[in-house]
Amino acid sequence: MTRTTVTRTTTPDDGVLSPTYRARTLGIVLTVSLVAFESLGVATILPDIARHLDGLGSYGWGLAAMMLANIVGTVIAGHSADRRGARPPLMIGLVVFALGCVLAGSAPSWPLFLLGRFAQGLGVGAVMAMAYTLIGLVYPEHLRARMFALLSSAWTVPSLVGPVVAAAVTSAVGWRWTFLLMLPLTAVAALLTLPGLHTPAHGAQDSPALPWWRRPLVNSVALTAGTGVLLAALDLRGLALLVPLALVGFVLAVAALRNVTPAGTLTARRGVAAGVVVRFLLCAVYFGTEAFLPLGLTELQHLSAFEAGLGLSAGALTWVAGSALQARWDRDRATAVAVGFTILLAGVAVLGYGVLAGPGLLAVLGWAVGGVGMGIAFNAATTETLGQTPAEQQGAVSAALQLAQTLATALISGLGGVLVGRAGSVPPAFLAIFLTTGLLSLAGVVVARRVGALSTRD
């Protein structure tokens, strides 16, 4: 298989911001920051957009369209990178993201806006998969943990200022400019990241053609469709329709998942496969809990939206701190993952108590604790997983990691949303959500020991 190569001379003293890596480091961080700002900023102004375009009746699709398209973009880009190098999928991903911004920002109707969101999702999936791929291919082992910590920090500023800036831009010049202002920043990110990446004219031959039912495009679409059917089925009231549709969606998604993740993922096989499972569990716990933090604090503890938002900011900041801590003492990563899950579990417990019993600001403190655990475990697991991955498989494994994150967020948020929608904003509904994410944290502690490479005894 061919793979992306970068001509460079590496010395042990090179850092991620040394002349050797500076431009690409800035490009990768800017690219991820764009994705973060777009995600957090648009979520803030989406209600205004839906009202303006008469889309409140299908408001949820403003978020779902991007998330489901993300799956397709992630899988296709990752597998393409292993065949042709990271440059083509990254370049195409940035272009498609920009086109999606143009379409969403100029859409005269809700259906066209959703089409723009879908295009953005395709681009975001490709861009995020390539960010991890480039770190695995471009940076030496001793710099990767630092780069993953930088990627975590790339979400910090957008999480703090993204909603405020998006709201201010919408108020001053209209919501359409929130999308259109992404275009020059996307161009700068491309200019910093793409130069120097190339696929060698000679190299290993591409892998044999796969049967159509095992190709990445077919399986990414099947996975997206299965996940969509499963989530839609859970919204139904009648069991006669809910059960068969949910079963069809589940079977379709699992069958496709086997073809787009490393062998052994469904059984958490030691090594790379377990690393993908750990990413799923981490994101299910963190994003699944966080999704219901503001709602719980405003509904049960009657905090203001600003006060409830402090929890999100606290978690984002301490995630970066945890990542930096792990990168500084990059040792025994399997143990670090287990420690991170344990701290995250403690954070969920404190957060849950604060939401259910008060005081509400105790939940903010809990999520600050949880963010530290997330940063430690996320950084250690990602560094270890990609460190075990051969260069010719970096794209596929990076895609699998990003795919696990997207699926975990969609499934846990969807399940929690159904629970709250049916039971109402009452303590038992939130208790069930936090118990679920707490149990997933315990599962993560168990799986963490399998993240390390296979030993001779295995």
Side-chain angles (χ1 to χ4, degrees), residues 64-79 121-122 125 128-129 210-236 239-288 381 385 389 393 395-419 433 436-437 439-444 446-447 450-451:
M66 184 173 180
M67 187 169 292
L68 293 176
N70 193 309
I71 295 174
V72 179
T74 296
V75 173
I76 294 176
H79 287 265
L122 292 174
M128 290 303 297
L210 294 171
W212 68 267
W213 63 86
R214 293 190 60 192
R215 292 176 184 173
L217 177 59
V218 173
N219 283 281
S220 62
V221 171
L223 179 57
T224 300
T227 305
V229 169
L230 175 59
L231 293 176
L234 295 176
D235 266 335
L236 299 174
L239 292 178
L241 197 55
L242 186 156
V243 173
L245 278 180
L247 184 60
V248 168
F250 178 78
V251 171
L252 183 60
V254 170
L257 194 61
R258 292 186 63 185
N259 291 322
V260 294
T261 53
T265 296
L266 297 183
T267 56
R269 181 186 300 171
R270 180 182 291 275
V272 172
V276 175
V277 175
V278 162
R279 172 69 70 90
F280 179 92
L281 292 172
L282 277 172
C283 294
V285 174
Y286 187 86
F287 294 114
T385 301
T389 303
Q393 296 175 18
V397 172
S398 297
L401 290 171
Q402 183 62 25
L403 177 64
Q405 179 168 333
T406 303
L407 278 177
T409 305
L411 289 173
I412 300 302
S413 299
L415 289 170
V418 169
L419 185 60
I433 292 169
T436 299
T437 56
L439 289 173
L440 291 174
S441 297
L442 290 175
V446 174
V447 177
R450 304 182 66 82
V451 170

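Contact detail for Ala404 and Arg279: the closest heavy-atom pair is CB-CG, 4.0 Å. The shortest heavy-atom contact between Met128 and Gln402 is CB-CD, 3.6 Å. Here the closest non-hydrogen pair linking Ala399 and Gly78 is CB-CA, 3.7 Å. Contact between Ala222 and Ala256 at its shortest, heavy atoms only, is CB-CB, 3.9 Å. In terms of heavy atoms, Val447 sits closest to Ala274 at CG1-O, 4.2 Å. Taking both residues in full, the closest heavy atoms of Val276 and Leu401 are given as CA-CD2, 4.0 Å, listed atom of the first, atom of the second, then distance.
Atom CG of Leu257 sits about 8.5 Å away from atom CZ of Phe280, to the nearest 0.5 Å. Rounding to the nearest 0.5 Å places CZ of Phe250 at 15.0 Å from CG of Leu245.
Taking the side chain as every heavy atom from C-beta outward, Val75 and Asn219 never approach each other to under 4.5 Å.
Each of Ile71, Ile76, Asn70 was checked for a side chain to side chain contact (heavy atoms under 4.5 Å, CB included) with Thr74, and the lone residue meeting it is Asn70.
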Applying side-chain contact (heavy atoms from CB on, under 4.5 Å) to Leu442 and Leu439, what does each step give before you reach the verdict? CA-CA 5 Å; Leu442 290 175; Leu439 289 173; 4.3 Å; yes

Full working for side-chain contact (heavy atoms from CB on, under 4.5 Å) between Leu440 and Ile412: CA-CA 11 Å; Leu440 291 174; Ile412 300 302; 4.0 Å; yes

Would you check, one step at a time, whether the test side-chain contact (heavy atoms from CB on, under 4.5 Å) holds for Leu252 with Val229? CA-CA 9 Å; Leu252 183 60; Val229 169; 5.8 Å; no

For Leu223 and Leu407, what are the C-alpha separation, side-chain angles and deciding distance, and is it a side-chain contact (heavy atoms from CB on, under 4.5 Å)? CA-CA 10 Å; Leu223 179 57; Leu407 278 177; 4.1 Å; yes

